[in-house]
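For reference, the structure discussed in these notes is given below.
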Amino acid sequence: MMTPEQNFMRKIEAEEKIEPKDWMPEAYRQNLIRQISQHAHSEVIGMQPEGNWITRAPSLRRKAVLLSKVQDEGGHGLYLYSATETLGVKRADLIAAMQSGEAKYASIFNYPTQTWADIGAIGWLVDGAAIVNQISLQRTSYGPYSRAMIRICKEESFHQRQGYELMIALAHGSPAQKAMAQDALNRFYWPALMMFGPHDAESAHSAKSMTWKIKRETNDDLRQKFIDQTVPQIEFLGLVHPDQDLKWNAERGHYDSGEIDWKEFYNVINGNGHCNRQRVEHHIRAHEEGAWVRDAMTAYNAKQRAKTTEQRQAA
Amino acid sequence: MSDFNLKAATQEYATRLGDDAVVLGHRLSEWTSNGPFLEEDIALSNVALDYIGRARMYYTYAAELAGNGKTEDDFAYTRDMREYRNLLIHELPRGDFAYTMVRQLLVDVFNTYYLPELAKSADSTLAGIAQKAIKETRYHLRRSHEWTLRLGDGTEASHQRMQRALESLWGYTHELFDADPLELQLADAGIGVHNAALRPTWLAQVSAILTEATLTVPKDDWAVRGGRVGYHTENLGHLLNDMQFLHRAYPGCQW
Ligand SMILES: [Fe+2]
Ligand SMILES: [Fe+2]
């Protein structure tokens, strides 16, 4: 007879998915709750920096594209909250944890969207980096998370293409537009690399996540994929690569790159980004402003239920 | 009526309808990331998208009729406040959720009767746009109807907010049923719609929904008008300032 623990590990090794009703180690469950809810919060908080340009989008087509992109991100948040709820937690509690700062979201969204080109840079680089990570997560060991990733990846690749297409329009536009594109690339390139997390040696959650196959590839391997795929894209735009130390390494078959400024990474994570407070406060404000709406809904539903019971009793 | 230029009038009419749609779509898009909960945030963005889509169809047709190489974006982005011809109700601020939902109810019921008439237009392009919009409006009205019930008959606080929103929006509904000579002539030509005839059915349905929601139908003792002649509230200038920012800061660029 196998113990539940042995059976769990057998499934993991056999690439079988773990489903909500299956036995799982408590630490596995907690690890998943942390990761998936953080992912959900990132989708939702990410609506803000892009939402910042919806009313200023410079064509009706771009406005519609951006609006539906941000709407998609909200949808991703919903799938991921649902996936987290299969682990026995409530969305309201997850949201409260994010609002109190106890739960994190992707630090990339603590950067401000200053110009229209930032919308292109985010679609191209931030969604681009997210896809590299999420493609890998399609093979994650937890069934509901894996299925959410498969669904989300399809939409993310649209986002990336649309973002890149926006950058092409700017890079091939007027000198001012091209400068705007270069500036956005300069500001978002390094933070996009940081999205993959610290180097493997320093990553707090990595080892266990790899054994349990929650994570399938290391931070550095995923980052390398992104670095490699981005080089020809920058070239095609005719923009200057922000990494001056970037060099092709024929032996490795990869680009070698300059060192990431980890001081900045931790600085922003630890609350010194331009928008950390703003993002959370915005979320809290919208949530509080909506309280009377949610209360009214509850009250209305209760009244309706009472009416139906009354009718049933009368009949 | 001999010097009435049907093509120019139709172009003007399509522009007006495009203005209505773009301005309301803009207002609704202000809800994105500000909704009372995530599902509703997404639904509001959806309605906003429908209106942006409508604006694009109307403007594209206006551009086609203008025939001078103009595009939908020239209509949206290069005209200033006094050239905009939207009805005022669409440009009023987004307000709170009650205000947004009451406005939607008033406009959705209007569109429920207006669009099927426009769908009979002798102008096949306008008829086609209306036909597509009818389906969207059916969904919009289902939403605004349900929200009116929930909020009107929800809590004391939600009821008050709804009644207050109704009182402050009601005077802007009269304009929905006005027609200047251009719109009258288009209606007579079978291209436009005789809006005034829609008011009794509109009022009956709105009143029924409000009553069902325990709300009071406001008194008809005030009316603000001017959208169709470009006499706007102060809100539109700020809206266009936002919307047209990049075109104003970087004139003549492609985006
Ligand atoms: Fe997403
Ligand atoms: Fe995305």
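All figures in this text were calculated on a predicted structure; none of them were measured in a lab. Numbered from 1 within each chain, the chains take letters A, B, ... in sequence-line order.
- For B:Arg161, the part lying under 4.5 angstrom from a heavy atom of chain A is the side chain only.
- When the candidates A:Ala286, A:Ala169, A:Gly173, A:Gly77 are compared by the number of heavy-atom contacts under 4.5 Å with chain B, A:Ala286 comes out ahead.
- The closest donor-acceptor contact from the side chain of A:Arg294 to the backbone of B:Pro36 lies under 3.5 Å.
- For a residue to count as touching a neighbouring chain, one of its non-hydrogen atoms must lie under 4.5 Å from one of that chain's; by this rule B:Leu49 touches chain A with backbone and side chain alike.
- Proximity to chain A (any heavy atom under 4.5 Å) is shown, for B:Ala157, by neither the backbone nor the side chain.
- At a 4.5 Å heavy-atom cutoff, the contact between A:Gln177 and chain B is made by side-chain atoms alone.
- Proximity to chain A (any heavy atom under 4.5 Å) is restricted, for B:Tyr77, to the side chain, taken from C-beta onward.
- The candidate with the highest count of non-hydrogen atom pairs below 4.5 Å against chain B, out of A:Ala296, A:Gly290, A:Ser68, A:Pro58, is A:Pro58.
- Residue A:Ser59 is tested with B:Asp73, B:Thr71, B:Leu246 for a side chain to side chain contact (heavy atoms under 4.5 Å, CB included); the sole match is B:Asp73.
- Between B:Leu38 and A:Arg91 there is a side-chain heavy-atom pair separated by less than 4.5 Å.
- Contact count versus chain B (heavy atoms, under 4.5 Å) is highest, among A:Arg61, A:Met47, A:Arg62, for A:Arg61.
- Interface remark: B:Asn34 contributes backbone and side-chain atoms alike to the contact with chain A (heavy atom separation under 4.5 Å).
- Side-chain contact between A:Tyr300 and B:Leu149 is present, with at least one heavy-atom pair separated by less than 4.5 Å.
- With a threshold of 4.5 angstrom between heavy atoms, B:Asn241 does not approach chain A through any atom at all.
- Note on A:Lys63 versus B:Glu72: no salt bridge recorded, every NZ/NE/NH1/NH2 to OD/OE distance being 4.0 Å or above.
- Between the CE atom in A:Met297 and the CZ atom in B:Phe37 there is a gap of 4.0 Å [rounded to 0.5 Å].
- The distance from the CD1 atom of A:Ile54 to the CG atom of B:Asp242 is 12.0 Å, given to the nearest 0.5 Å.
- A:Glu73 places none of its side-chain heavy atoms less than 4.5 Å from the side chain of B:Thr32.
- Counting heavy-atom pairs closer than 4.5 Å to chain B, the top residue among A:His287, A:His282, A:Arg285 is A:His282.
- Side-chain contact check for B:Trp255 versus A:Leu170: some heavy-atom pair is nearer than 4.5 Å.
- At a threshold of 4.5 Å between non-hydrogen side-chain atoms, the residues B:Phe245 and A:Trp116 do not count as touching.
- Proximity of a side-chain donor or acceptor of B:Arg56 to a complementary backbone N or O of A:Leu60 within less than 3.5 Å is not detected.
- Of the inter-residue distances, the one linking B:Ile42 atom CD1 with A:Leu78 atom CG reads 4.0 Å to the nearest 0.5 angstrom.
- Few gaps surround CZ on B:Arg248; more than 12 heavy atoms of other groups in view lie less than 6.0 Å from it.
- Contacts of A:Ser174 with chain B are made by side-chain atoms alone, with heavy-atom separations under 4.5 Å and no backbone atom involved.
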